[in-house]
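Just the heavy atoms: all of them, side chains too, but no hydrogens, waters or symmetry mates, feed the values below.
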Amino acid sequence: MLEITASWEGGYRCLVPIRGFEVLVDEPTRAGGTDTGPTPTELLLASLGACFALAVGHVVRKRGRELADVSVRVRGEYQGTRFSRITVEATSSQPELVRSVLDQAIRSSYVSNTIRGQPEIEYRVEPAAASHDEGPPPPRR
């Protein structure tokens, strides 16, 4: 199991500590945010692209080969409040090597498998451990 906690910081900002890192999530100013971090949907596409790039590298290494480079571009087409289509495009100076591991890399990508598998999502609301009715925390700077 993997667990992540996202804490709302007011407005459209959220702080997400992950191991020793902090990811600040926000919306662009045109959407009412302060543009201090990527949006949740940008992070979703970034996760998909990064996971697939790592999967390609992993499969190539398992086959005893060396991969000089791979770059993954991910495009999401919006349809209302969801993506109707996501395109994942790998570019490499060794396109034949990447093509040769493509199917296995797709099967090895946790994020790809999760999105494609449409996992059950359960939403719950729990009381906070200690609530002082102080409102949202002040924005981080």
Verify, without hydrogens or angle tests, whether Glu22 (side chain) and Leu15 (backbone) share a donor-acceptor contact under 3.5 angstrom. no
Would a 4.5 Å heavy-atom cut-off, applied to side chains only, mark Val74 and Leu44 as touching? no
Can you measure from CZ (Arg82) to CD (Glu77) and round to the nearest 0.5 angstrom? 11.5 Å
Quick check on the hydrophobic clustering: are Leu102 and Leu48 connected, directly or via other members, by side-chain heavy-atom contacts under 4.5 Å? yes
Do the side chains of Glu89 and Ser71 get nearer than 4.5 Å, heavy atoms only? no
State which residues pass salt bridge (Lys or Arg N to Asp or Glu O under 4.0 Å) with Glu66; sequence neighbours excluded, sorted by chain then number. none
Group every Ile, Leu, Val, Met, Phe, Trp and Tyr by side-chain heavy-atom contacts under 4.5 Å, then state whether Val88 and Leu97 land in the same group. yes
With a 4.5 Å cut-off on side-chain heavy-atom distances among I, L, V, M, F, W and Y, is there a chain of contacts connecting Leu24 to Phe21? no
What are the two closest non-hydrogen atoms of Arg75 and Leu45, and how far apart are they? C-CD1, 4.4 Å
Using every non-hydrogen atom in the two residues, find where Ile106 and Phe52 come nearest and quote the distance to one decimal. CG1-CE1, 3.7 Å
Work out which heavy atom in Asp35 is nearest to a heavy atom in Pro28; give both atom names and the distance. OD1-CA, 3.8 Å
Hydrophobic cluster membership, Ile86 vs Val56, 4.5 Å side-chain cutoff: yes
Kindly give the heavy-atom pair with the smallest separation between Leu67 and Gly57, and that separation in Å. CD2-CA, 4.1 Å
Partner set under salt bridge (Lys or Arg N to Asp or Glu O under 4.0 Å) for Arg61, not counting sequence neighbours: none
OG1 of Thr91 to CZ of Arg73: how many Å apart, nearest 0.5 Å? 6.0 Å
Arg65 CZ: over 12 foreign heavy atoms closer than 6.0 Å: no
Exercise: identify the closest heavy-atom pair between Val70 and Ala90: CG2-CB, 4.2 Å
Distance check, rounded to the nearest 0.5 Å: Ile115 atom CD1 versus Ser109 atom OG? 8.0 Å
Go through the steps for Asp26 and Glu9 under the test side chain to side chain contact (heavy atoms under 4.5 Å, CB included), then give the verdict. CA-CA 10 Å; Asp26 199 356; Glu9 294 204 321; over 6 Å; no
Point-to-point distance, once rounded to the nearest 0.5 Å, from CD of Glu27 to CD of Glu42: 8.0 Å
Taking salt bridge (Lys or Arg N to Asp or Glu O under 4.0 Å) as the test, write out the residues that go with Glu126, two or more places apart. none
Do Val98 and Pro95 come within less than 4.5 Å of each other through their side chains, counting heavy atoms only? no
Supply the atom-to-atom distance His58 NE2 to Gln104 CD, rounded to the nearest 0.5 angstrom. 7.5 Å
When rounded to the nearest 0.5 angstrom, what is the spacing between CD1 in Ile18 and OG1 in Thr5? 10.0 Å
If I compare all heavy atoms of Ser84 with all of Gln79, which pair ends up nearest, and what's the gap? CB-OE1, 3.3 Å
Student check: side-chain heavy atoms of Ser108 and Lys62 closer than 4.5 Å: no
